[in-house]
Amino acid sequence: MIETSSSGRFYHQRAEFKRCIPAFLSAHLTLFTVLWIVGFASLFLWQKNLVDGFWLFKPAVARPVPMMRPVAVNLTDFGGKGDGKTMNTEAFERAVTAIKKLRMKGGGQLNVPAGFWLTAPFNLTSHMTLFLAENAVILAVQDEKYWTLMPPLPSYGYGREHPGPRYGSLIHGQHLKDVVITGHNGTIDGQGQSWWIKHRQKLLNYTRGPLLQIMWSRDIRISNVTLRNSPFWNIHPYDCKNISITNVTILAPVFGAPNTDGIDPDSCENMLIEDCYISVGDDGIAIKSGWDQYGIAYGQSSTNILIRNLVVQSTVR
Ligand SMILES: *[C@@H]1O[C@H](CO)[C@@H](O)[C@H](O)[C@H]1NC(C)=O
Ligand SMILES: *[C@@H]1O[C@H](CO)[C@@H](O)[C@H](O)[C@H]1NC(C)=O
Ligand SMILES: *[C@@H]1O[C@H](CO)[C@@H](O)[C@H](O)[C@H]1NC(C)=O
Ligand SMILES: *[C@@H]1O[C@H](CO)[C@@H](O)[C@H](O)[C@H]1NC(C)=O
Ligand SMILES: *[C@@H]1O[C@H](CO)[C@@H](O)[C@H](O)[C@H]1NC(C)=O
Ligand SMILES: *[C@@H]1O[C@H](CO)[C@@H](O)[C@H](O)[C@H]1NC(C)=O
Ligand SMILES: *[C@@H]1O[C@H](CO)[C@@H](O)[C@H](O)[C@H]1NC(C)=O
């Protein structure tokens with residue numbers, strides 16, 4: 001305490017204090033520096049953890065999306081809104097049309113960022129990559145009036161559940177070449193619950209549509225995505241060549257989700273299904289070549305299909 005301004009005690013104390021400085025510094029400089037560094041480092045780590053924790057809740061920027069084509073576009077560039085309510089059908093269609101024009105330049109990549117992208121069925125094009133970022137969810141609209149009707153598959157003769165036309169698939173492609181559907185485990189969600197109920201109550205007039213159907217196409221790769229709650233079959237490659245499905249998760253309730261087959265290769269040639277997790281309400285994988293006299297007349301068998309390293313959980317009927 002230095003309070004008595006005119007006393008000798010003051011001078012004594014000040015002198016002592018002055019002498020103390022170099023001693024204190026030499027003796028404690030190292031410790032002082034170390035403490036300062038430790039203090040600053042822990043502050044830095046604390047801030048970093050805060051930032052990391054912050055990113056946990058902001059996953060849209062967590063993983064950079066790789067460029068797999070010379071040109072990449074973002075669904076938001078075409079007016080897409082990932083709020084789970086806005087219909088993004090036109091945004092998807094416009095994006096696919098833009099990519100179609102890049103055909104001669106090696107095609108294009110459509111990035112679907114994190115969010116809930118509600119849509120009606122849309123078609124893919126050749127030389128395109130559909131990339132689902134981490135926490136990106138393509139949500140199928142449930143109201144069946146948005147689901148386009150398509151003619152029956154030639155090797156089936158009629159809709160699998162009803163005569164006449166059938167609902168198309170949410171994500172559809174035909175006569176395509178070089179299509180990639182991949183991502184950082186983003187999701188394609190069929191919101192099939194209402195379809196399963198209507199099917200059981202016999203309220204549907206047409207056969208339900210699959211989540212993903214690629215017909216008369218070649219060089220198709222599906223990887224690193226999750227498919228869930230398809231109204232009907234999940235992945236239906238029809239009369240395709242050279243198709244690989246790897247590291248895909250396919251989920252639907254094991255009970256109460258009728259005909260939610262995982263992967264149904266149908267009249268397909270040269271196919272690989274590898275490292276997938278499939279837990280669905282019907283067959284995990286069912287290899288087909290049409291059915292009945294229509295299949296025989298179509299005359300295209302499934303050949304050379306390699307299936308390995310799967311975990312499958314499915315309903316035995
Ligand atoms: C797409 O655009 C949105 C909005 O501008 C942005 O948040 C997102 O990071 C972009 N994603 C990609 C993969 O480019
Ligand atoms: C997708 O393409 C098929 C075949 O050209 C067509 O029948 C169908 O209407 C198209 N679907 C959509 C949603 O445009
Ligand atoms: C499978 O996909 C997940 C999620 O995208 C990824 O983390 C993992 O590395 C992939 N595994 C392989 C073998 O590609
Ligand atoms: C991908 O997502 C699904 C569904 O959220 C999850 O069950 C699965 O473990 C994820 N796969 C990987 C490899 O992260
Ligand atoms: C099925 O057809 C009936 C009779 O035409 C109609 O009333 C009903 O709305 C249709 N159901 C669906 C889901 O389209
Ligand atoms: C199969 O498809 C892949 C990927 O699209 C392609 O790289 C490969 O050349 C194709 N193989 C054959 C034999 O056509
Ligand atoms: C799947 O994702 C992993 C991790 O991001 C990546 O290393 C791998 O190349 C991807 N595989 C395919 C076939 O896309």
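Ligands are counted one by one from 1 in listed order, and the atoms in each one are counted from 1 as well. Numbering of residues begins at 1 and proceeds along the displayed sequence. Fair warning: this is a prediction, and the values are worked out from it, not measured in the lab. Atoms considered below: every heavy atom in the structure, side chains included; atoms not considered: hydrogens, waters and symmetry mates.
- Just one of Val248, Ile181, Thr249, Ile263 meets the side chain to side chain contact (heavy atoms under 4.5 Å, CB included) condition when paired with Leu227; it is Val248.
- Those atoms of ligand 1 that come under 4.0 Å of a heavy atom in Asn111, given as number and element, are 13 (C).
- Remark: ligand 1 atoms within the under-4.0 Å shell around heavy atoms of Val65 are 13 (C).
- When hydrophobic side chains of Ile, Leu, Val, Met, Phe, Trp and Tyr are connected at separations under 4.5 Å, Val311 ends up clustered with Leu251, Tyr277.
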Using a 3.5 Å cut-off on N/O to N/O, what pairs does ligand 6 make with the protein? A line per pair would be great.
unit_1, atom_1, unit_2, atom_2, d
ligand 6, 2 (O), Asn242, ND2, 2.2
ligand 6, 11 (N), Asn242, ND2, 2.9
ligand 6, 14 (O), Arg218, NH2, 3.2
ligand 6, 14 (O), Asn242, ND2, 3.4

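- Of all the atoms in ligand 4, the ones that sit under 4.0 Å from a non-hydrogen atom of Arg228 are 4 (C), 5 (O).
- The environment of Arg221 atom CZ is sparse: at most 12 non-hydrogen atoms of other residues, nucleotides or ligands sit within 6.0 angstrom.
- Counting atoms of ligand 4 from 1 in the listed order, those under 4.0 Å from a heavy atom of Asn185 are 1 (C), 2 (O), 3 (C), 8 (C), 10 (C), 11 (N), 12 (C), 14 (O).
- Below 4.0 Å from some heavy atom of Thr76 lie the following atoms of ligand 1, by number and element: 1 (C), 2 (O), 3 (C), 4 (C), 5 (O).
- The hydrophobic clustering, which links ILVMFWY residues whose side-chain heavy atoms are closer than 4.5 Å, places Leu310 and Trp233 apart.
- Taking a cutoff of 4.0 Å between a charged side-chain nitrogen and a carboxylate oxygen, Asp178 and Arg103 do not qualify as a salt bridge.
- Taking the six-membered ring where the residue is Trp, His236 and Tyr156 present perpendicular rings, their angle passing 60° and hence far from 30°.
- When only interatomic distances are considered, the shortest N/O to N/O separation between Thr249 and ligand 4 does not fall below 3.5 Å.
- Under the 3.5 Å distance criterion, the side-chain polar atoms of Glu134 are left unmatched by any main-chain donor or acceptor of Pro64.
- Thr260 places a side-chain heavy atom less than 4.5 Å from the side chain of Asn234.
- Note: Arg208 CZ to Trp195 CH2 = 9.0 Å, rounded to the nearest 0.5 Å.
- Near Thr226, meaning under 4.0 Å from one of its heavy atoms, ligand 4 places the atoms 1 (C), 2 (O), 3 (C), 4 (C).
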